[in-house]
Amino acid sequence: MPPIQVLEADRGTESAHAIVRDHPIARPRLLDRVRAEIQFRHYSPRTAKSYVSWIRRYILFHGKRHPQELGKAELGAFLSHLASNDRVCASTQNQALSALLFLYVQVLRIDIGWVDEIVRAKRSTRLPVVLGREEVAAVLTHLQGPARIMGSLLYGAGLRLLECCRLRTKDLDLVRREILVRDGKGSRDRITMLPVRLVPDLAAQIERVRILHGEDLSAGAGSVELPAALEHKYPRAPFELGWQWVFPATRLYHDPVSGRLRRHHLHETVLQRAMKEAVRSAGVRKAASCHTMRHSFATHLLEDGYDIRTIQELLGHRDVSTTMIYTHVLNRGGRGVRSPLDGGLR
């Protein structure tokens with residue numbers, strides 16, 4: 001195991017905090033330090049949950065030894081175990097590695113000079129599952145209620161699952177036919193299209209939200225969770241109609257932080273289960289999911305002749321190379337390459 005070194009940035013404060021760090025009460029537990037460091041960097045709650053889970057598994061794998069006692073060999077053994085015994089995919093193995101590197105560099109402040117020697121698993125290139133237009137129509141037909149509107153938005157606007165669930169009424173511009181996606185993947189905002197045929201359905205949905213919000217206010221509830229510290233800056237904002245979820249949950253809950261009675265957005269698993277049942281009822285044999293609707297959105301736009309950069313902006317991809325995977329459709333259909341078998345053979 002390589003010697004543990006404190007990063008230069010921490011040498012000046014090392015002696016000043018020595019007593020506090022060594023105090024059994026003042027020094028927080030390791031996983032609490034991980035959570036605090038993640039929150040300081042404004043990582044998403046899902047990232048925090050994933051990182052903490054991997055770090056806990058790493059510690060348990062090595063008999064509850066402290067990570068400061070472990071080094072390159074132990075880290076390599078854990079990653080090898082994930083690949084050979086647990087048979088995890090490359091992306092999962094890389095996620096575990098990212099969590100452990102975060103632990104050593106950002107939390108423990110250990111200079112792991114051997115990090116460059118760690119080889120990340122090579123991810124396989126997988127083509128996305130894409131539904132035909134008739135298949136999309138068949139699946140949407142078998143969705144009911146809010147799930148039908150949400151499924152239509154996944155396909156008609158190219159939204160991700162959580163982006164759709166977290167829509168607020170102020171994010172929909174029914175006049176300009178636009179959807180403002182706030183804090184999407186990578187904490188980026190973007191504007192995408194709002195399908196014209198969904199305007200009446202969304203107007204009716206917002207009206208249902210307005211009525212439900214009024215009932216919640218009368219019952220002493222009516223507030224929603226706001227991002228970051230907006231609630232402290234605008235105390236009345238959680239009660240405003242504009243901040244209410246477009247697709248609210250059916251039940252209220254008590255927020256443990258604020259103590260308020262609130263309503264969350266519809267849980268993503270509700271739409272996932274509805275989509276799975278709709279795919280089965282529609283007789284579609286492909287392994288389609290909610291994200292398949294987003295893949296189909298991009299693919300069908302490309303088939304219709306829209307340029308790749310426009311599709312990149314609508315999808316919110318950071319790099320156009322991510323969007324380029326949808327060019328596989330250029331090898332199919334009427335616009336694609338023609339097989340020689342279908343050509344001049346007699």
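Sequence positions, counted from 1, serve as the residue numbers for this chain. Worth saying up front: this structure is predicted, and the values here are computed from it rather than measured.
The shortest side-chain heavy-atom distance between Val199 and Arg177 falls under the 4.5 Å cut-off. Side-chain contact between Asp189 and Arg182: present, with at least one pair of heavy atoms (C-beta onward) separated by less than 4.5 Å. At a threshold of 4.5 Å between non-hydrogen side-chain atoms, the residues Leu82 and Arg57 count as touching. With a 4.5 Å cut-off on side-chain heavy atoms, Leu167 and Leu153 count as touching. Between Phe78 and Leu100 there is a side-chain heavy-atom pair separated by less than 4.5 Å. At least one side-chain heavy atom of Leu202 sits less than 4.5 Å from a side-chain heavy atom of Ile149. Side-chain contact between Leu103 and Trp54 is absent, with no heavy-atom pair separated by less than 4.5 Å. Counting only heavy atoms from C-beta outward, the side chains of Leu172 and Leu194 approach each other to under 4.5 Å.
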>> Could you go through Leu108 and Leu30, starting from their C-alpha distance and side-chain angles, then the distance that decides it, and tell me whether this counts as side-chain contact (heavy atoms from CB on, under 4.5 Å)?
In response: CA-CA 9 Å; Leu108 299 178; Leu30 178 61; 3.8 Å; yes
> Can you check salt bridge (Lys or Arg N to Asp or Glu O under 4.0 Å) on Arg41 and Glu37, steps first, answer last?
Replying inline: CA-CA 6 Å; Arg41 285 169 169 74; Glu37 201 68 36; 2.3 Å; yes
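A donor-acceptor pair under 3.5 Å is absent between the side-chain atoms of Ser281 and the main chain of Ala278, judged by distance alone. Side chain of His62 to backbone of Tyr58: no donor-acceptor contact under 3.5 angstrom is found. With hydrogens and angles ignored, the 3.5 Å screen pairs a side-chain donor or acceptor of Gln205 with a backbone N or O of Val246. Between the Glu74 side chain and the Gly71 main chain, a donor and an acceptor come within less than 3.5 Å of each other. Looking at Tyr104, its side chain does come within 3.5 Å of a backbone N or O of Pro67 through a donor-acceptor pair. Under the 3.5 Å distance criterion, the side-chain polar atoms of Trp245 are left unmatched by any main-chain donor or acceptor of Val224. Panel note: side chain Arg56, backbone Leu31; no donor-acceptor pair is recorded below 3.5 Å.
The pair Glu277-Arg273 does not meet the salt-bridge criterion, since no charged nitrogen lies less than 4.0 angstrom from a carboxylate oxygen. Taking 4.0 Å as the cut-off between side-chain N and carboxylate O, Arg168 and Glu240 do not count as a salt-bridged pair. Between Asp183 and Arg166 there is no salt bridge, since no side-chain N of the basic residue sits under 4.0 Å from a carboxylate O of the acidic one.
Nearest approach of Glu231 to Ser258, heavy atoms of both residues: OE2-CB, 4.5 Å. The minimum heavy-atom distance between Ala137 and Thr141, with the atom names listed, is O-OG1, 2.7 Å.
Using modelled atom types, one finds no donor on one side chain facing an acceptor on the other under 3.5 Å when comparing Thr322 with Asp319. In summary, the side chains of Gln95 and Ser50 do present a donor paired with an acceptor at a separation below 3.5 Å, with no hydrogens or angles considered. A donor-acceptor contact closer than 3.5 angstrom links the side chains of Thr269 and His267.
At most 12 non-hydrogen atoms from other residues, nucleotides or ligands lie less than 6.0 angstrom from NZ of Lys276. By the neighbour-count criterion of 12 heavy atoms within 6.0 Å, atom CD of Glu178 is densely surrounded, having more than that number from other residues, nucleotides or ligands.
Between Tyr253 and His264, the ring planes are perpendicular. Angles over 60° get that label, and only those under 30° would be called parallel. The aromatic rings of Tyr51 and Tyr43 sit perpendicular, their planes meeting at an angle over 60°, well past the 30° parallel limit.
To the nearest 0.5 Å, the span separating CZ on Arg148 from CG on Asp201 amounts to 4.5 Å.
Relative to the ring axis of Phe239, Arg236 places its NZ or CZ within 45° and under 6.0 Å from the centre.
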